[in-house]
Amino acid sequence: MRTYDFTPLYRSAVGFDRLAGLLENAARTSQENGWPPYNIETTGENAYRIEIAVAGFKPDELTLEVKENLLTVTGRKTANDDAGAGRTYLHRGLAERDFERRFQLADYVVVRSADLVNGLLSIDLVRELPEALKPRRIEIGAGEASAKPLIEGKKAKAA
């Protein structure tokens with residue numbers, strides 16, 4: 001297990017503290033156990049889907065929360081009383097443990113919907129840029145027509 005020290009980046013870069021934090025978080029998350037498995041895919045130009053394998057979990061045992069560009073998916077299994085059901089396992093390989101998965105979202109990425117079908121939790125996300133950040137076309141004037149009111153306005157103030 002390799003750890004990375006991002007301290008030099010904090011000392012020499014101004015305004016990149018969020019980027020360094022993201023790198024640090026990614027290094028920490030890659031060392032986690034990897035359960036439950038998940039996929040991240042792009043479904044369009046500004047659309048994404050996260051699929052998490054949560055076999056055995058009911059919708060009321062799963063929680064999704066978005067806070068400060070961090071999507072947290074939590075699974076809390078309700079207690080199963082298998083002893084009272086008269087079951088004796090020879091092998092128990094189905095994981096029924098609690099989990100927490102975190103995904104760092106880019107700016108303006110929002111969760112559109114979440115569905116649980118056949119043991120897969122699908123979370124649809126989309127990047128929604130505010131109107132002020134979208135590219136827009138600026139019309140170019142002829143020059144003289146736009147300059148006249150400024151010149152006349154200056155003469156009127158001088159008089």
Side-chain angles (χ1 to χ4, degrees), residues 1-140:
M1 207 165 40
R2 181 179 226 181
T3 59
Y4 297 97
D5 181 19
F6 294 104
T7 307
L9 184 59
Y10 288 120
R11 284 192 303 239
S12 61
V14 177
F16 290 94
D17 51 335
R18 184 162 184 257
L19 175 63
L22 288 173
L23 291 171
E24 207 168 76
N25 188 31
R28 224 183 0 258
T29 337
S30 66
Q31 297 169 3
E32 290 179 1
N33 64 7
W35 191 84
Y38 64 93
N39 293 330
I40 300 175
E41 65 177 306
T42 179
T43 58
E45 186 177 340
N46 287 312
Y48 308 92
R49 178 175 293 131
I50 300 172
E51 292 179 323
I52 306 173
V54 292
F57 281 86
K58 300 173 194 160
D60 61 338
E61 297 172 327
L62 298 168
T63 306
L64 275 74
E65 179 180 278
V66 178
K67 184 178 178 184
E68 298 175 5
N69 292 2
L70 183 67
L71 169 63
T72 304
V73 181
T74 308
R76 299 279 178 246
K77 216 43 193 148
T78 54
N80 290 336
D81 188 12
D82 291 329
R87 297 174 114 177
T88 304
Y89 290 98
L90 298 177
H91 171 75
R92 192 161 186 181
L94 295 177
E96 290 187 351
R97 60 182 183 255
D98 297 345
F99 71 88
E100 182 175 277
R101 268 270 176 223
R102 295 173 183 219
F103 300 93
Q104 188 69 45
L105 303 179
D107 290 338
Y108 311 114
V109 172
V110 294
V111 176
R112 275 283 185 225
S113 64
D115 295 303
L116 181 61
V117 178
N118 296 329
L120 277 181
L121 175 64
S122 297
I123 306 166
D124 290 316
L125 306 121
V126 66
R127 179 181 298 134
E128 294 180 345
L129 286 177
E131 285 298 319
L133 296 178
K134 290 182 181 176
R136 59 189 171 100
R137 185 178 180 102
I138 308 299
E139 294 297 323
I140 300 172

_Under the criterion side-chain contact (heavy atoms from CB on, under 4.5 Å), I'd like the reasoning laid out for Val54 against Tyr38: C-alpha separation, chi angles, the key distance, then a yes or no._
CA-CA 9 Å; Val54 292; Tyr38 64 93; over 6 Å; no
*Once the angle between the rings of Phe99 and Phe57 is folded into 0 to 90°, is it parallel (under 30°), tilted (30 to 60°) or perpendicular (over 60°)?*
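It falls in the perpendicular class, over 60°.
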Locate the shortest heavy-atom distance separating [X] from [Y]; write the atom from each residue and the value.
X      : Y      : value
Leu121 : Leu116 : N-CD1, 3.9 Å
Thr42  : Ala47  : OG1-O, 3.3 Å
Ala53  : Pro36  : O-CB, 3.1 Å

[X] side chain near [Y] side chain, heavy-atom distance below 4.5 Å:
X      : Y      : answer
Ile52  : Phe103 : yes
Tyr108 : Asn69  : no
Leu71  : Val109 : no
Leu70  : Gln104 : yes

_Can you confirm whether Glu128 is buried at CD, in the sense that more than 12 heavy atoms of other residues, nucleotides or ligands lie under 6.0 Å from that atom?_
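Result for CD/Glu128: enclosed.
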*For Arg112, look at atom CZ and say whether over 12 heavy atoms of other residues, nucleotides or ligands are found less than 6.0 Å away.*
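At most 12 heavy atoms, drawn from other residues, nucleotides or ligands, come within 6.0 Å of this atom.
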*Counting distance only, does the side-chain N/O of Lys77 pair as donor-acceptor with the main-chain N or O of Gly56 below 3.5 Å?*
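Judged by distance alone, yes, a pair lies under 3.5 Å.
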What distance do [X] atom [atom1] and [Y] atom [atom2] have between them, rounded to the nearest 0.5 Å?
X      : Y      : atom1 : atom2 : result
Leu120 : Asp115 : CG    : CG    : 11.5 Å
Asp107 : Leu105 : CG    : CG    : 10.0 Å
Ile40  : Arg49  : CD1   : CZ    : 13.0 Å

_Thr74 and its side chain to side chain contact (heavy atoms under 4.5 Å, CB included) partner, picked from Glu100, Arg102, Arg101_ =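 Going through the options one by one, the only one that passes is Glu100.
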